[in-house]
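Just so you know, these numbers come straight off a predicted model, no measurement behind them. These values consider heavy atoms only, across backbone and side chains, with no hydrogens, waters or symmetry-generated copies.
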Amino acid sequence: MERSRINTAIRSAEAVLERHGWHLPDWANWTPKDHAREPDLAAYLHERQLGWDVTDFGLGDFARQGLTLFCVRNGRQGDVSSLPYAEKLLFVAEGQVTPFHAHKVKLEDIIVRGGGNLMVAFSPEGSFDSAPVMVDGREVADPYSAPVRLRPGQSVTIPRGLQHSFWGEEGRGDVFVAEVSQSNDDLTDNYFREPIGRFASIDEDEPAHRLLWNESR
């Protein structure tokens, strides 16, 4: 994935935050030089996977299969001295799919904060749990029959082990999404239904606007 495409995705997400009046910690705006200037804080952020994350899942078609995220707070799975919860912001383009995946440790709520509608699909294939899917306290009778449509303000609780995929509904615009969950680990707790990668390989065709969390050492 080209660095220029990553930069464009982050600038687009920053514009969404500005439109919604949503403010982030000061280190969200760090340049690579800022990371070098504060190495202790940069290491803290990296260890907790905090900051920007842009991925095409190694598939090379970000517009169709990709995701832009910002992790605001997070603990470390298995570390009882750290935060037991995480908060992420997700920027989902219209028609842009996050492929089917599940988590063994993380229980999560996906919340539509603004923009268009979020479509969330579930699959028994590759799943290793069958707990109920809840939309704002109401159980989804048959989550496998059709995607769940979440309008702004609505949320879904996704059980551990359940394969799920989501995208912005066609014709409704991009979607501003939040994720509230147990502590998150993108290195060890993503189980994709298909053999794909979690992170993009980067072609450095221009300087980085912001470093991604996995670069912020």
Side-chain angles (χ1 to χ4, degrees), residues 6 9-10 12-14 16-17 20 22-32 34-58 66-92 98-114 118 120 129 131 150 155-166 175-192 196-200 202 208-217:
I6 292 171
I10 293 176
S12 177
E14 290 172 335
V16 169
L17 293 168
H20 287 277
W22 201 286
H23 301 280
L24 296 179
D26 60 349
W27 42 262
N29 299 320
W30 272 10
T31 65
D34 293 317
H35 284 273
R37 197 158 33 238
E38 293 198 51
D40 291 343
L41 181 52
Y44 177 94
L45 300 175
H46 179 82
E47 288 170 3
R48 289 156 183 80
Q49 304 181 14
L50 299 172
W52 290 104
D53 184 359
V54 182
T55 183
D56 63 359
F57 301 100
L67 186 62
T68 303
L69 313 92
F70 186 88
C71 188
V72 184
R73 49 186 50 82
N74 190 25
R76 292 176 292 191
Q77 287 185 2
D79 181 355
V80 297
S81 67
S82 71
L83 299 177
Y85 54 82
E87 178 191 9
K88 287 186 178 184
L89 302 176
L90 287 63
F91 306 87
V92 185
T98 291
F100 278 103
H101 64 287
H103 313 287
K104 286 186 178 179
V105 177
K106 185 175 73 171
L107 177 67
E108 61 185 326
D109 277 11
I110 300 294
I111 310 155
V112 179
R113 295 298 190 191
L118 188 72
V120 187
D129 202 331
L150 299 178
S155 65
V156 60
T157 299
I158 301 176
R160 300 178 192 87
L162 181 59
Q163 288 284 337
H164 56 284
S165 171
F166 52 84
V175 195
F176 179 34
V177 179
E179 177 187 306
V180 177
S181 72
Q182 293 174 295
S183 57
N184 173 83
D185 190 342
D186 280 318
L187 296 173
T188 65
D189 196 28
N190 287 296
Y191 298 85
F192 289 95
I196 61 176
R198 172 58 180 83
F199 301 100
I202 302 176
H209 173 56
R210 312 284 184 223
L211 289 180
L212 305 182
W213 76 257
N214 56 321
E215 302 176 297
S216 58
R217 296 179 183 275

Please name the pair of heavy atoms, one in [X] and one in [Y], separated by the smallest distance, quoted to 0.1 Å.
X    : Y    : result
F166 : V92  : CE1-CG2, 4.1 Å
A208 : P32  : O-CD, 3.9 Å
K104 : D189 : N-OD1, 2.8 Å
A131 : P159 : O-CG, 3.4 Å
L50  : W213 : O-CB, 3.3 Å

Is a side-chain donor or acceptor of [X] paired with a backbone partner of [Y] at a separation under 3.5 angstrom?
X    : Y    : answer
Q182 : L107 : yes
Q163 : H101 : yes
D56  : G66  : no

I need the [X] [atom1] to [Y] [atom2] distance, nearest 0.5 Å.
X    : Y    : atom1 : atom2 : answer
I110 : E108 : CD1   : CD    : 4.5 Å
E215 : D53  : CD    : CG    : 10.0 Å
L45  : C71  : CG    : SG    : 10.0 Å
L69  : T55  : CG    : OG1   : 8.5 Å
E38  : D26  : CD    : CG    : 7.5 Å

What I want to check is whether the side chains of N184 and S181 have a donor and an acceptor closer together than 3.5 Å.
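No.
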State, with a plain yes or no, whether a side-chain heavy atom of T68 is found less than 4.5 Å away from one of S12.
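The answer is no, as the side chains (C-beta and beyond) never meet within the 4.5 Å cut-off.
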Side-chain contact test, heavy atoms from C-beta onward, threshold under 4.5 Å: evaluate it for L162 versus D129 and give yes or no.
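No, every pair of side-chain atoms sits at 4.5 Å or beyond.
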Would N190 and H103 count as a side-chain contact (heavy atoms from CB on, under 4.5 Å) if you check the C-alpha gap in whole Å, the side-chain angles of each, and the deciding distance to 0.1 Å?
CA-CA 5 Å; N190 287 296; H103 313 287; 3.0 Å; yes
Do F100 and F192 pass the ring pair (Phe, Tyr, Trp, His ring centres under 6.0 Å) test, and can you show the C-alpha distance, the side-chain angles, and the key distance before you say yes or no?
CA-CA 6 Å; F100 278 103; F192 289 95; over 10 Å; no
Going through the checks in order, is the salt bridge (charged side-chain N to carboxylate O under 4.0 Å, His left out) test met by R198 and D186?
CA-CA 8 Å; R198 172 58 180 83; D186 280 318; 3.2 Å; yes
Under the side-chain contact (heavy atoms from CB on, under 4.5 Å) rule, what do L83 and N74 come out as? Steps first, then yes or no, please.
CA-CA 6 Å; L83 299 177; N74 190 25; over 6 Å; no
Walk me through whether E14 and R210 qualify under salt bridge (charged side-chain N to carboxylate O under 4.0 Å, His left out).
CA-CA 11 Å; E14 290 172 335; R210 312 284 184 223; 2.9 Å; yes
Passing candidate, ring-ring contact (aromatic ring centres under 6.0 Å, His included) with F70, options W27, F176, F91:
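Only one option passes, and that is W27.
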Please say which of Q49, R48, R76, Q77 ends up in a side-chain hydrogen bond (donor to acceptor under 3.5 Å, both in side chains) with D185.
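It is Q49, the one option of Q49, R48, R76, Q77 that forms the side-chain hydrogen bond (donor to acceptor under 3.5 Å, both in side chains) with D185.
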So among V177, V16, L24, which one has a side chain to side chain contact (heavy atoms under 4.5 Å, CB included) with L89?
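Of the listed options, the one satisfying the test is L24.
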Dump the intermediate steps for side-chain contact (heavy atoms from CB on, under 4.5 Å) on I10 and L212, then the final yes or no.
CA-CA 10 Å; I10 293 176; L212 305 182; 4.1 Å; yes
Please walk me through it: do V105 and R160 pass side-chain contact (heavy atoms from CB on, under 4.5 Å)?
CA-CA 7 Å; V105 177; R160 300 178 192 87; 5.8 Å; no
